[in-house]
Structures are given as structure tokens and as C-alpha cells.
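Structure, as C-alpha cells:
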Amino acid sequence: TETVPAAEIHKDISISSLITYLHNAHDYFLNFRLPHIRHKLTEAIVSCPKDVAFVIRRFFDEYAEEVHKHMSYEERTVFPYVRNLLEGKKDPKYNITIFRKRHDQIEMKITELKNLILKYYPGPDSNLLNSVLFDIFATEQDLASHNRVEDYIFVPAILSLEQQQ
């Protein structure tokens, strides 16, 4: 099959549909995936030493908060900017390059979380913990894919839209 270079994909994409997709992905991560993992993680570490459980839970909560801040910025700032741009209203104080420069890689901290769990809690009866780790691995991949959509499809599409105005 013939593939289209990533640089060309944004020309044929509906930006409003892409925003809907990204918004729904944010909702999925923040309101379903991360709370589900936290619940399973809490169950999985119930029998480990309290100080270790506290550190693991705190680290997870800090990670979830980082993801929340990242996605909230897009919801509050980037998406309204793009919706206005689609209506022909360009904000002279903002552009998608500002987003691109501050688009941090949120998936790095989840790697630290996996390492923390593997290092400090290789306890017996670890099927539930293994299940949590599999969920974390999958979430790490899903977040990386989500960021690639933003970096290689969304940002180029908005750059092109900005150049048209």
C-alpha cells in the first residue's frame, strides 16, 4: 500500500474533527484510564510496607496531575485558540508555535513510575501488580501515540491554517 508522508496528512484532515478526537482522548485518559490504574494500583500495593505504598501512590498521583495539567492547557488555551482561528479570528498574542515549544513529553514520568514499582515492590502474589504494570505499559504507549498525533498531525495542520490567515 502507498503511504502519505506525515507532512502531507494535515492537508486532508478536518481540524474540528481532530480537536474532537483529542478532547475525547483527554477525557479517556483523565476520567477513565488513570483513575482505573490508580484503583488497581492501590489494591495491588495494599500488603506492601506503608512507606513504600505511600511513595508509589504519591508518585502516581504526581504523574496523573502532570498529565492533567498538560491536557488542561490544551483544553483551556490551545483548542479555543484553534476554534477561533477556524472562525477567522486570529489572536495576535498566541500561535501554535508557543504550544509546540512547551509541549513537554509527559510519557517520561510514567517510565519512572514503572521503574519505581519494579524496584521497590517485587512482592509475592503479584498478579494484580503485573496487571497494573501491563496497564501502565499500555498507557505509556497510548500517551506516546497521542503526543505523536499532536506533534505530527495537529501542529502542522494549525501551522498551515495560521499561514492562510
Side-chain angles (χ1 to χ4, degrees), residues 1-41 54-118 132-165:
T1 62
E2 196 175 310
T3 58
V4 179
E8 300 298 314
I9 290 174
H10 70 273
K11 292 178 182 170
D12 296 323
I13 207 151
S14 163
I15 293 173
S16 59
S17 294
L18 187 54
I19 288 174
T20 299
Y21 164 78
L22 292 171
H23 169 76
N24 290 342
H26 292 171
D27 185 60
Y28 168 74
F29 284 117
L30 297 175
N31 298 316
F32 178 76
R33 189 75 172 262
L34 292 175
H36 176 73
I37 292 173
R38 188 183 194 286
H39 179 75
K40 280 175 62 175
L41 179 64
F54 174 79
V55 169
I56 291 172
R57 229 181 357 264
R58 189 182 80 204
F59 201 91
F60 180 84
D61 289 343
E62 287 172 2
Y63 169 72
E65 180 59 29
E66 194 174 304
V67 173
H68 187 271
K69 282 182 197 171
H70 172 97
M71 293 181 175
S72 291
Y73 171 77
E74 293 171 18
E75 294 288 336
R76 285 187 331 269
T77 304
V78 180
F79 295 167
Y81 165 75
V82 173
R83 286 187 189 105
N84 285 335
L85 205 57
L86 288 169
E87 294 174 7
K89 297 179 242 172
K90 195 169 186 177
D91 182 346
K93 297 178 190 144
Y94 192 83
N95 60 56
I96 202 67
T97 304
I98 294 169
F99 165 71
R100 184 169 58 182
K101 285 180 182 172
R102 71 175 301 226
H103 195 220
D104 51 350
Q105 299 302 316
I106 56 175
E107 68 263 13
M108 287 182 67
K109 192 160 181 113
I110 203 167
T111 301
E112 295 173 28
L113 175 64
K114 288 184 313 195
N115 292 338
L116 182 73
I117 292 170
L118 291 168
V132 170
L133 283 170
F134 283 125
D135 287 350
I136 291 171
F137 279 110
T139 300
E140 180 182 30
Q141 291 301 313
D142 290 346
L143 284 169
S145 295
H146 177 79
N147 281 341
R148 280 193 298 278
V149 168
E150 290 176 342
D151 292 338
Y152 298 107
I153 298 173
F154 182 68
V155 168
I158 305 314
L159 283 169
S160 178
L161 182 62
E162 286 175 342
Q163 290 168 359
Q164 294 170 17
Q165 293 191 0

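When a residue number appears, it is its place in the shown sequence, counting from 1.
E162 contributes a side-chain N or O that, together with a main-chain N or O of I96, makes up a donor-acceptor pair within less than 3.5 Å. Under the 3.5 Å distance criterion, the side-chain polar atoms of N84 are left unmatched by any main-chain donor or acceptor of E87. Checking side-chain atoms of S160 against main-chain N and O of P156 turns up no donor-acceptor pair under 3.5 Å.
In this structure, the side chains of V67 and I110 stay at 4.5 Å or more apart for every pair of heavy atoms. By the 4.5 Å heavy-atom criterion applied to side chains, L133 and I117 are counted as neighbours. A 4.5 Å side-chain heavy-atom check between E150 and V78 finds every atom pair outside the cut-off. Side chains of H23 and T20 form no contact here, defined as non-hydrogen atoms less than 4.5 Å apart.
In this structure, E62 pairs ionically with R58, as a charged nitrogen and a carboxylate oxygen lie closer than 4.0 Å. With respect to the salt-bridge test (charged N to carboxylate O, under 4.0 angstrom), the residues R38 and D61 qualify.
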Could you go step by step and tell me if L159 and T97 meet the side-chain contact (heavy atoms from CB on, under 4.5 Å) rule?
-> CA-CA 8 Å; L159 283 169; T97 304; 3.8 Å; yes
Step by step, work out the side-chain contact (heavy atoms from CB on, under 4.5 Å) result for D27 and F32.
-> CA-CA 7 Å; D27 185 60; F32 178 76; over 6 Å; no
Assess whether side-chain contact (heavy atoms from CB on, under 4.5 Å) is satisfied between H146 and Y28, documenting all intermediate values.
-> CA-CA 12 Å; H146 177 79; Y28 168 74; over 6 Å; no
D135/L41 under side-chain contact (heavy atoms from CB on, under 4.5 Å): CA gap, chis, key distance, verdict = CA-CA 10 Å; D135 287 350; L41 179 64; over 6 Å; no
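Below 30°, between 30° and 60°, or above 60°: for F137 and F134 the angle between ring planes is between 30° and 60°, a tilted geometry. Between F99 and F154, the ring-plane angle classifies as perpendicular under the 30° and 60° cut-offs.
When all heavy atoms are compared, the tightest approach of E74 to P80 is O-CD, 4.1 Å.
Rounding to the nearest 0.5 Å places CG of L30 at 8.0 Å from CD of E75. Here the straight-line distance linking atom CD1 of I158 with atom CD1 of I15 works out to 4.0 Å at 0.5 Å rounding. If you take CG on L113 and OH on Y63, they are separated by 8.5 Å, rounding to the nearest 0.5 Å. Between the CD1 atom of I19 and the NE2 atom of H26 there is a distance of 10.5 Å, given to the nearest 0.5 Å. In this structure, CD on Q141 lies 9.5 Å from CG on L143, to the nearest 0.5 angstrom. One distance of note links CG of N95 with CG of L85; it measures 10.0 Å at 0.5 Å rounding.
For K69, the NZ atom counts as loosely surrounded, since its 6.0 Å shell holds 12 or fewer non-hydrogen atoms of other residues, nucleotides or ligands.
With hydrogens and angles left out, the side-chain atoms of N147 and D151 include no donor and acceptor closer than 3.5 Å. No side-chain N or O of E66 forms a donor-acceptor pair with one of H70 less than 3.5 Å apart.
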